[in-house]
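Working notes, beginning with the structure itself.
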Amino acid sequence: MKAEKRKKSKLPVLITILIILALIQILRPIGKPKLKLIMATNQTTSGSLQINWPQNTQCALAIQNEGFIDKTPNQSPFPTASVAKIMTAYIILKDHPLQFGQNGEALTITKRDVEEYLKDKADGQSVVKVEAGEKLNERQMLEALLLPSANNIATLLAKWDAGSVENFVLKMNQTAKELGMTNTHYDDPAGISLKTQSSAYDQVLLAQKAFELHTFRSIVGMAQATLPVCGTVYNVNYVLGKDGIVGIKTGSMPQIGANFVFAADHFVSYKKVTIIGAIFGASGKEPLMTALNGAIKALDSLKPYLDLKEIVKKNQLIATLVYPNGFKTNLIAKDSLTTIVWPSKNTHLQIVLDKELKLPISKGQIVGNLIYSDKKIPLVAQSSINKPTLIQKLTRL
């Protein structure tokens, strides 16, 4: 009798434990799904690339929004000369954005500004003439900075933006750090100092960011501009318009030769791309022409390698979405993805699921995106996944 009573007394406890375990199992979250990849997310284009660079130069090439194409192995700090003005213009336009058709704030030229102009001119620097009382708006100052490469305007802009040249140089170096320009140090806003140094790779990084700004693109693409006192000034980029070249900035000094950061528009099949490159340390009897013509030769050697390729097809099976206990659905691409490729290019695709994704999932529902660079291709569920039944919840691991 006592043994039977003990068994009866344990039964309610066991039932209670089972009920608690069942409730825990029912209420326990389904768990996060896992992705089983079907398509390779890293794709490397076969072949090898041979760019015709000028001899004994430091160079780099990229395509805007597509990635770096090639660079010479000797990337190291090298005096930028007037190429430094790309950073000066970039900071000015970031701090004082100009929309299409806007000219920006006007600055009145002081006697001190004239004195600095005369001093720079006497030193043999690249300058534009200014007069006390003259008014220059932001766009005009940027035109003077980027076309005839006026050092006195670089100083003017630095003081206008940051209160002093020293403060502006701090901004230049901070911006370089933020952009990952590890071989770069600025000592002045014009590039007259030999301590203002960068690498071709770093300048292509910067040029890609600057080329995102419409005003920057439009100014470096101008052949000439008219200023109030100086009159007509001309772009020292003498190959502007050749081989699709639409910018960007030259820089030369007797001590270093010539540098050229350039951009060129080019059609690959029906798609227009912008190629951005840099050549540092061109030499010879006419170093600047060596750099300018070197850019054309590099572009001509690159273009045959470029191809437009469909790397993802519409309705292509990309991955399987798997929930605990085998709940799953295939994910397919809603659209195709076409991109520019070249030999040895590595194309990395990333799958990002919707953060709010939860069961049930309907057939045809967008559950995430396939991402490449600035492109997003929606991923669609090929079949439905219902909420788990009570039995499925109870029996899952």
Side-chain angles (χ1 to χ4, degrees), residues 79-93 95-96 98 103-173 185-198 216 219-220 222-238 248-261 286-288:
T80 67
S82 287
V83 163
K85 290 164 186 163
I86 298 174
M87 178 63 86
T88 298
Y90 178 70
I91 292 174
I92 293 297
L93 285 169
D95 289 350
H96 313 275
L98 290 179
N103 293 321
E105 183 182 338
L107 190 67
T108 302
I109 300 299
T110 66
K111 289 183 179 179
R112 177 68 183 274
D113 298 327
V114 175
E115 289 171 359
E116 290 182 344
Y117 151 69
L118 292 172
K119 180 181 179 300
D120 290 348
K121 183 181 179 183
D123 290 341
Q125 295 186 33
S126 175
V127 294
V128 294
K129 184 180 179 181
V130 293
E131 291 181 355
E134 175 188 3
K135 291 186 181 297
L136 289 171
N137 60 46
E138 181 184 342
R139 183 178 290 273
Q140 289 170 327
M141 288 189 285
L142 288 169
E143 289 169 353
L145 177 80
L146 294 169
L147 273 61
S149 199
N151 292 350
N152 59 319
I153 299 299
T155 302
L156 199 66
L157 284 166
K159 291 179 178 179
W160 174 62
D161 177 81
S164 71
V165 170
E166 293 75 18
N167 287 341
F168 190 80
V169 169
L170 289 174
K171 275 190 177 185
M172 297 176 81
N173 286 309
H185 173 76
Y186 291 98
D187 195 55
D188 71 307
I192 194 66
S193 170
L194 290 173
K195 294 179 181 178
T196 293
Q197 300 188 350
S198 187
F216 181 89
I219 290 175
V220 297
M222 296 170 64
Q224 63 185 57
T226 302
L227 302 176
V229 169
C230 189
T232 302
V233 293
Y234 298 93
N235 197 330
V236 295
N237 176 4
Y238 304 125
I248 298 178
K249 190 73 190 75
T250 62
S252 59
M253 296 172 73
Q255 305 95 314
I256 68 163
N259 304 330
F260 184 31
V261 178
E286 296 183 74
L288 181 55

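One-based numbering along the sequence shown. Side chains are part of it too, since the values below use all heavy atoms of this structure and drop only hydrogens, waters and symmetry mates. Nothing here was measured: the structure is a model prediction, and the numbers come from that model.
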What's the shortest heavy-atom distance between [X] and [Y], and which atoms?
X	Y	value
Gln224	Tyr234	OE1-CE2, 3.3 Å
Val114	Val130	CG2-O, 3.9 Å
Ile153	Met141	CG2-O, 3.2 Å
Ser193	Asp187	OG-OD2, 2.9 Å
Thr88	Pro189	OG1-O, 2.7 Å
Asn137	Gly104	CB-O, 3.8 Å

- Item | Heavy-atom neighbours of Glu286 CD exceed 12 at 6.0 Å |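 No, not enclosed.
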- side chain to side chain contact (heavy atoms under 4.5 Å, CB included) between Leu142 and Leu157: does it pass, once the steps are laid out? CA-CA 8 Å; Leu142 288 169; Leu157 284 166; 4.3 Å; yes
- Query: Applying ring-ring contact (aromatic ring centres under 6.0 Å, His included), which residue pairs with at least one partner in residues 138-159 are found, sequence neighbours left out?
  - Reply: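 ring-ring contact (aromatic ring centres under 6.0 Å, His included) check on residues 138-159 returns no pairs.
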- Residue from Thr250, Thr196, Val261 passing side-chain contact (heavy atoms from CB on, under 4.5 Å) with Val83: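 Of the listed residues Thr250, Thr196, Val261, the side-chain contact (heavy atoms from CB on, under 4.5 Å) partner of Val83 is Val261.
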If only atom types and distance count, is the side chain of [X] paired as donor or acceptor with the main-chain N or O of [Y] below 3.5 Å?
X	Y	result
Asn259	Pro79	yes
Asp123	Asp120	no
Thr80	Gly191	no

- Query: Looking at residues at least two apart in the chain, or sitting in another chain, which of them share a side chain to side chain donor-acceptor pair (under 3.5 Å) with Tyr186?
  - Reply: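 Testing Tyr186 for side chain to side chain donor-acceptor pair (under 3.5 Å), a comparison that skips the adjacent residues, returns Gln203.
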- Query: Taking 4.0 angstrom as the limit, do Glu116 and Arg112 come out as a salt bridge?
  - Reply: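 Salt bridge: yes.
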- Got a sec, which pairs hit side-chain hydrogen bond (donor to acceptor under 3.5 Å, both in side chains) with one end in residues 161-172, sequence neighbours left out?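 Every side-chain hydrogen bond (donor to acceptor under 3.5 Å, both in side chains) pair that includes a residue of residues 161-172, provided the two are not neighbours, is Asp95-Lys171, His96-Asp161, Asp161-Lys171, Ser164-Asn167.
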Hey, what do you get for [atom1] ([X]) to [atom2] ([Y]), rounding to the nearest 0.5 Å?
X	Y	atom1	atom2	value
Phe168	Asp188	CZ	CG	10.5 Å
Glu143	Cys230	CD	SG	12.0 Å
Leu98	Ile219	CG	CD1	7.5 Å
Leu136	Asp113	CG	CG	9.5 Å
Leu146	Met222	CG	CE	10.0 Å
Ser82	Asn151	OG	CG	5.0 Å

Does [X] reach the side chain of [Y], with side-chain heavy atoms less than 4.5 Å apart?
X	Y	answer
Ile86	Phe216	yes
Ile109	Leu156	yes
Leu107	Glu138	no
Phe260	Leu288	no

- Distance-only side-chain donor-acceptor flag, Lys249 / Ser149, under 3.5 Å: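 Result is yes, a qualifying pair exists.
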- Message: For Asn152 and Thr155, which I'm curious about, is there any donor-acceptor pair between the side chains at under 3.5 Å?
- Response: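 Asn152 vs Thr155: no donor-acceptor pair found between side chains.
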- How far apart are the C-alpha atoms of Thr226 and Gln140, what are their side-chain angles, what is the distance that settles it, and do they pass the side chain to side chain contact (heavy atoms under 4.5 Å, CB included) test? CA-CA 8 Å; Thr226 302; Gln140 289 170 327; over 6 Å; no
